Each structure stands twice: as structure tokens, then as C-alpha cells.
2 protein chains.
Amino acid sequence: MKYCSISEASAKFDIPETTIRYYEKKGLLPLIERDAAGRRLFSENQIALLETVICLKNTHMPLSGIKQYIDWVIEGDSTIELRLQMMKNHKQAVLAEMSLMTESLKGIDVKNERYTNRKNKGEVGQ
Amino acid sequence: MKYCSISEASAKFDIPETTIRYYEKKGLLPLIERDAAGRRLFSENQIALLETVICLKNTHMPLSGIKQYIDWVIEGDSTIELRLQMMKNHKQAVLAEMSLMTESLKGIDVKNERYTNRKNKGEVGQ
DNA sequence: ATACAACTTAAACCATGGTTTAAGTCAACA
DNA sequence: TGTTGACTTAAACCATGGTTTAAGTTGTAT
């Protein structure tokens with residue numbers, strides 16, 4: 001199996017090494033191996049897990065939630081139903097958040113149009 | 001003109017009164033009037049401004065950015081171009097963020113499908 | 001008139017998600 | 001051999017976005 005260093009993992013996902021160490025300390029990246037000098041060695045499995053962590057982070061799951069998910073991964077196949085349910089709930093939350101963002105963007109656009117109109121008409125206000 | 005109390009504003013937008021006071025303190029809600037007892041009175045204009053603040057917050061603009069925007073609103077029509085440009089940039093940032101969220105959701109889905117397959121096939125792994 | 005709910009303030013406190021610092025270890029190259 | 005650069009650690013520090021606390025004022029209902 002191919003291993004990679006923390007600097008390679010950092011470059012691969014464009015996140016600081018400090019953040020990777022922080023995630024490990026928080027329990028989001030368990031079971032990372034070390035070389036003779038104590039340096040982290042990321043297996044392909046660990047890289048896949050880190051990618052999952054990043055996907056969950058990108059969709060605004062709190063680190064505590066990500067940790068719960070990772071704990072279930074470590075626990076094994078008995079937790080697959082729990083994980084699927086968690087992901088289902090999370091996906092709904094993300095879609096709701098994106099809806100809110102879309103609605104809020106619309107609200108902002110409405111004001112922008114007012115500005116643009118005012119610019120041409122010389123009105124005053126917010 | 002119709003005025004409303006902090007509790008009415010709080011109810012209208014479903015945000016805590018403490019948060020509204022915090023926003024005022026941070027300069028996001030300037031020029032709020034007071035009654036004889038020193039209580040906040042929100043004019044329709046203020047309510048519209050609060051709605052803008054909330055739209056910007058919902059789309060993850062930092063409070064410091066929202067304050068800049070509000071400062072420009074207060075400054076008057078000479079800042080309309082600046083505001084339009086800011087909103088244009090912000091909108092691009094929000095669309096990029098939503099893209100990343102959508103991509104990350106896909107990444108999560110791929111893993112979920114693997115789980116579902118494994119559940120049926122009895123494989124092992126993340 | 002008195003009790004209650006709703007309001008006021010400034011300041012301390014809190015959670016989240018990192019980042020920075022200080023001190024040290026190690027491998028490889030000149 | 002020594003110095004350079006990448007790595008290690010624990011712990012302190014930081015920014016953001018509020019929330020809570022403590023102490024006090026006000027308006028309305030009984």
C-alpha cells in the first residue's frame with residue numbers, strides 16, 4: 001500500500017498541516033500510523049477518511065458531528081444503519097441551508113435592483 | 001410611520017432580542033430611535049435594514065462585512081456603486097460556496113451508496 | 001401601591017474552529 | 001560534522017458570533 005506524509009495530504013486537499021493535526025487530536029482522524037521518526041503516515045484508507053471529513057466540513061457539519069460519524073466508522077459494520085441515517089438527516093439540513101441561501105440571495109438582489117433604479121431616477125433611501 | 005418594539009422585531013425575524021442588541025452594538029443597526037423610557041423603536045426603514053442584515057448573515061457574510069455595507073448605506077447615495085460592487089462579489093462568493101456544498105454532498109452520496117451496496121454484499125471498509 | 005413582565009446597560013462568559021508559539025527531534029546533504 | 005528543513009509535541013492564543021449575568025428602570029394590570 002502507498003503511504004503519504006502530512007505535507008502531501010495537506011497539498012492534496014489544500015488544507016494546512018496544522019488543521020490536519022488538529023483534526024487528529026480531536027479524534028476525527030484516528031489510527032494514523034507513524035514512521036520510525038514519529039511522523040504521520042497516511043494510508044489510502046486514511047486519505048479516503050480525510051476526504052470524507054472534508055466533505056462533511058464543507059457542508060457545515062460541526063466537528064463534533066464528524067467525530068460521531070468517524071467513531072461509527074471505526075466501530076464497524078454494525079453502525080452502518082446509524083451512519084446512513086445520519087447522512088440522510090445531514091443531507092436534508094444541507095439542502096435546507098442552501099434553500100435559505102438562495103432565498104436570501106434573492107432578497108439581496110431585490111435591493112440591488114432598487115439601487116440600480118435609483119441610480120437612474122435620483123431617488124433616496126436604503 | 002409605524003414603529004415596532006424589539007420583541008416584535010425579534011418575533012418577526014425569529015432571532016433573539018439579545019442578537020438584535022448585539023448587532024446594534026456592533027454598528028449593524030445604527031440610528032435606532034428610543035421611546036421616553038429608552039426602549040428601541042424600529043421604523044419601517046430600520047426593519048428593512050434589519051432584513052438586509054439577516055439576508056447577508058444567512059449568506060455567510062461576516063459581521064464586519066455587513067457593517068461595512070451598512071456604513072455605506074448610512075453614508076448615502078455616493079456609495080451606491082461601492083455597494084453594488086460589494087453585492088456582486090458577495091453573490092459570486094455565495095454561488096461558489098453553494099457549488100462546493102453541492103460537490104461535497106455528491107462525495108458523501110458516493111460513500112453512502114458504497115454502504116448500501118456493502119450492506120447487501122457483506123464487504124468491509126470505510 | 002405593588003407586583004410582574006419587559007425593557008435597559010456594561011461586562012463577563014461561552015463554543016467553535018482553528019493558529020501560533022516554544023521547544024525539541026531527526027534525516028540528509030555539503 | 002554541522003546546519004538546514006521538515007517534522008514532532010503541548011499549550012497558549014486568537015477571531016467570530018453570540019449568550020448570560022447582574023443590577024437597575026419602566027408601564028400596566030390587580
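Below, read A as the first sequence line, B as the second, and so on, with proteins coming before strands; counting in each chain starts at 1. It should be emphasised that the depicted structure is a prediction, and the values quoted were computed from it without experimental measurement.
At the heavy-atom level, A:R21 lies under 4.0 Å from base atoms of the strands shown.
Side-chain atoms of A:Y22 lie closest to C:dG18 of the nucleotides D:dT20, C:dG18, D:dG18. For B:R39, whose side chain is taken as the heavy atoms from C-beta onward, the closest listed nucleotide among D:dT19, C:dC7, C:dG18 is C:dC7. Of the candidates D:dT8, C:dC7, D:dG17, D:dG17 carries the atom nearest the B:P62 side chain, counting heavy atoms from C-beta on. Proximity note for B:K25 (side chain, C-beta onward) versus C:dA11, D:dT9, C:dT20: the nearest is C:dA11. The A:S7 side chain lies nearest to D:dC7 when the options are D:dC7, D:dG18, D:dT9. The listed nucleotides are C:dT20, C:dC7, D:dC7; the one nearest the side chain of B:I6 is C:dC7.
Protein atom CG of A:N58 is 10 Å distant from nucleotide atom P of C:dG18, rounded to whole Å. Between the CD1 atom of A:I20 and the P atom of D:dA6 there is a distance of 16 Å, rounded to whole Å. Atom CE in B:M61 sits about 15 Å away from atom C1' in D:dT16, given to the nearest Å. The nearest whole Å value for the distance from the NZ atom in A:K57 to the P atom in C:dG17 is 10 Å. To the nearest angstrom, C1' of D:dA6 lies 14 Å from CG of A:L41. Between the CD atom of A:E17 and the P atom of C:dT21 there is a distance of 16 Å, rounded to whole Å. Taking atom NE2 of residue A:H60 and atom P of nucleotide C:dG17, one finds them 11 Å apart after rounding to whole Å. Here C:dA15 presents its C1' atom at 11 Å from CG of A:L63, a figure rounded to the nearest Å.
In this structure, B:D35 and B:S64 both approach DNA chain D, and ranking their closest nucleotides by distance from the 5' end singles out B:S64. For the pair A:K26 and A:A37, nearest-nucleotide mapping onto DNA chain C gives the more 5' position to A:K26.
Checking side-chain atoms of A:S104 against main-chain N and O of A:L100 turns up a donor-acceptor pair under 3.5 Å.
A:E17 has a carboxylate O that lies under 4.0 Å from a charged side-chain N of A:R21, or vice versa, which qualifies the two as a salt bridge. Salt bridge B:R34/B:E24: present, at least one basic N to carboxylate O contact under 4.0 Å.
Side-chain N/O atoms of A:T19 include one lying less than 4.0 angstrom from OP1 or OP2 on C:dT19. Between C:dG18 and A:Y23, a contact under 4.0 Å exists linking OP1 or OP2 to a side-chain N or O. Distances shorter than 4.0 Å separate some side-chain N or O of A:R40 from OP1 or OP2 on D:dT8.
No side-chain heavy atom of B:Q92 sits under 4.5 Å from any side-chain heavy atom of B:E97. In this structure the side chain of A:K57 reaches within 4.5 angstrom of the side chain of A:Y23, judged on heavy atoms.
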